[in-house]
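The structure appears below as structure tokens.
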Amino acid sequence: MVKESKPLSYGAENEDQAYFDPSAPPPFKIAEIRASIPKHCWVKNPWKSLSYVLRDVLVITALIGAAIWFNSWLFWPLYWVSQGTMFWAVFVLGHDCGHGSFSNSSKLNSIVGHILHSSILVPYHGWRISHKTHHQNHGHVEKDESWVPLTEKIYKNLDNTTRLLRFTLPFPIFAYPFYLWYRSPGKEGSHFNPYSNLFSPSERKDVITSTLCWSIMFSVLLYLSFIMGPFLIFKVYGVPYLVFVMWLDFVTYLHHHGYKQKLPWYRGQEWDYLRGGLTTVDRDYGWVNSIHHDIGTHVIHHLFPQIPHYHLIEATEAAKPVLGKYYREPEKSGPIPFHLIKYLLHSIKQDHFVSDTGDIVYYQNDPKLQKYSLTKFE
């Protein structure tokens, strides 16, 4: 086993946390965490899940009506932020369908998931399958799928423009559509191509179905652009879509990056499902917690994605005594989670690549990158 030296923290930690090694094998098993969670937290109520869908659809409809009614540049910015956030909430419900935590019916999950995700231009099965790969391999340098770290070799082989786009805000928080089409640097495939190496032969029909649904939604938007005008559709749908993408990249990045103490990534024999899952981070999003269905309670979700979102907070509280120091209490947020921006900025600035070797590795910094970024924009 090859292990890097312990990294420095981003900022000041309390003494207990400063001397805690997050890469140390935990003294508990995943079965102990599972046993600590009340049995009713595992129960999926399809009617309750559908009630959240109804809530979100009603809010989205009301916002569209209000935007068209007022049609004022004083109202449009408020609409864009609110509607983009609701698109993100809808994505989370479709995400639950993909995990099977929406209901016990695979047919209901697939129907609702396709409707919700297609409406925001996400290929349901294509993304569902790659996201399953992410959960099954969380924290693994090579096998993880979401915001996977670049190895030093891949990082150094990137052209300067790609490197700049990956590590200069705001570009990374608009990455999701490009990820759907091209995946991440160092990986090949597309979420729309049934013959992509993301998918097994048995999954190709599902991917074709989702790509077809995505194409129908895209065609509807094009048709509405011809009928109602492209500028109106851009205001009603296009800008909220971009806000949704920002939310998605912001949230998913910070669930796996940017904690005050750098967290390990694994490969080889040092990786296992529990240790990888314990590298995820819970976040507090203030008022947005209830809007985006408590997706910030991410550690328990990653370990047990079958738990419905409306039980995640209770399940997390029950598991904390078992998790001990391996659970990192999220910093409390104000009504709007502005406090998380500093962690995003710091991580983008510091977390550039991991070593090509070693079974326990931490992000390293390229000091030349910031100098190049400043020169590029002068």
Side-chain angles (χ1 to χ4, degrees), residues 44 46 49-50 53 87-88 90-150 154 174-223 241 244-245 248-249 252 256 267 271 273 276-277 295 301-302 304-309:
K44 308 162 191 175
S49 297
L50 286 168
V53 174
F87 280 17
W88 163 235
V90 161
F91 174 87
V92 175
L93 292 178
H95 152 276
D96 289 356
C97 291
H99 279 303
S101 61
F102 189 86
S103 78
N104 286 321
S105 169
S106 58
K107 181 175 289 187
L108 178 63
N109 293 338
S110 183
I111 292 172
V112 175
H114 271 98
I115 293 172
L116 296 179
H117 273 189
S118 298
S119 71
I120 50 174
L121 294 178
V122 175
Y124 172 70
H125 279 310
W127 179 84
R128 174 187 65 80
I129 294 166
S130 76
H131 190 64
K132 181 180 178 181
T133 300
H134 165 54
H135 271 258
Q136 291 175 333
N137 299 279
H138 45 210
H140 194 291
V141 173
E142 281 84 20
K143 296 180 180 179
D144 201 345
E145 180 62 29
S146 178
W147 289 111
V148 62
L150 301 176
I154 293 175
F174 292 101
Y176 184 64
F178 301 96
Y179 164 72
L180 289 177
W181 283 101
Y182 306 109
R183 294 179 78 192
S184 302
K187 294 180 179 288
E188 296 179 351
S190 169
H191 291 76
F192 299 92
N193 181 1
Y195 293 94
S196 167
N197 57 15
L198 272 167
F199 314 119
S200 66
S202 63
E203 294 168 333
R204 287 172 183 166
K205 288 185 178 179
D206 285 343
V207 176
I208 291 172
T209 300
S210 295
T211 300
L212 178 62
C213 290
W214 183 96
S215 300
I216 291 171
M217 180 62 192
F218 188 75
S219 299
V220 168
L221 290 171
L222 286 178
Y223 175 77
Y241 173 79
F244 147 63
V245 168
L248 188 150
D249 284 322
T252 55
H256 301 277
R267 56 162 69 95
W271 181 90
Y273 183 82
I295 195 63
H301 165 67
H302 247 269
F304 307 109
Q306 310 89 350
I307 296 179
H309 74 265

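Remember, it's a predicted structure, so these values are computed and weren't measured experimentally. Reckoned from all heavy atoms, side chains included, excluding hydrogens, waters and symmetry mates.
Thr252 contributes a side-chain N or O that, together with a main-chain N or O of Leu248, makes up a donor-acceptor pair within less than 3.5 Å. Using modelled atom types, no side-chain atom of Asp96 and backbone atom of Phe102 make a donor-acceptor pair closer than 3.5 Å. Judged by distance alone, with hydrogens and angles left aside, the side-chain atoms of Ser184 form no donor-acceptor pair with the main-chain N or O of Lys187 at under 3.5 Å. A donor-acceptor contact shorter than 3.5 Å links the side chain of Ser119 to the backbone of Leu116. Using modelled atom types, one side-chain atom of Asn109 and one backbone atom of Ser103 make a donor-acceptor pair closer than 3.5 Å. A donor-acceptor pair is defined here as one N or O able to donate and one able to accept, closer than 3.5 Å; such a pair exists between the side chain of Trp214 and the backbone of Leu121. Looking at Ser101, its side chain never comes within 3.5 Å of a backbone N or O of Pro308 through a donor-acceptor pair.
Under 4.0 Å is where a charged nitrogen must lie from a carboxylate oxygen, and between Arg267 and Glu142 at least one such pair does. The pair Lys132-Glu145 does not meet the salt-bridge criterion, since no charged nitrogen lies less than 4.0 angstrom from a carboxylate oxygen.
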Run the side chain to side chain donor-acceptor pair (under 3.5 Å) test on Asn193 and Arg204 for me, step by step, so that the C-alpha distance in whole Å, both residues' side-chain angles and the decisive distance to 0.1 Å come before the verdict. CA-CA 8 Å; Asn193 181 1; Arg204 287 172 183 166; over 6 Å; no
Tell me, with the steps shown, if Leu198 and Glu203 meet side-chain contact (heavy atoms from CB on, under 4.5 Å). CA-CA 10 Å; Leu198 272 167; Glu203 294 168 333; over 6 Å; no
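Taking the centre of each ring, His99 and His95 come in below the 6.0 Å mark. Between Tyr273 and His138, the ring centre distance stays below 6.0 Å. Ring centroids of His191 and His125 are separated by 6.0 Å or more, keeping the two rings apart. If you look at Trp127 and Phe91, their ring centroids are closer than 6.0 Å. You'll find the ring centres of His134 and His302 inside the 6.0 Å limit.
Looking at heavy atoms from C-beta onward, Thr209 lies in side-chain contact with His114 at the 4.5 angstrom threshold. In this structure the side chain of Asp249 reaches within 4.5 angstrom of the side chain of Trp147, judged on heavy atoms. Annotation: side chain of Val53 is in contact with side chain of Val112 (closest heavy-atom distance under 4.5 Å). For the pair Pro123/Val207, no side-chain contact is recorded, criterion being any heavy-atom separation below 4.5 Å from C-beta on. Contact check for Cys97 versus Tyr124: side-chain heavy atoms found under the 4.5 Å cut-off. Side-chain contact check for Phe199 versus Asp206: every heavy-atom pair is 4.5 Å or farther apart. Proximity of Ser146 to Tyr179: side-chain heavy atoms (C-beta onward) are nowhere separated by under 4.5 Å. At least one side-chain heavy atom of Val245 sits under 4.5 Å from a side-chain heavy atom of Pro177.
To the nearest 0.5 Å, atom CD1 of residue Ile129 and atom OG of residue Ser200 are 7.0 Å apart. Atom-to-atom distance recorded for Ser105:OG and Lys44:NZ is 10.5 Å, nearest 0.5 angstrom. Interatomic distance, CG of Leu222 versus CE of Met217, reported as 10.5 Å (0.5 Å rounding). With values rounded to the nearest 0.5 angstrom, Ile216 atom CD1 is found 12.5 Å from Leu221 atom CG.
Residues His140 and Val148 share a closest heavy-atom pair of O-CG2, 4.2 Å.
Between His135 and His301, the angle of the ring planes goes over 60°, which puts this pair in the perpendicular group of the 30/60° scheme.
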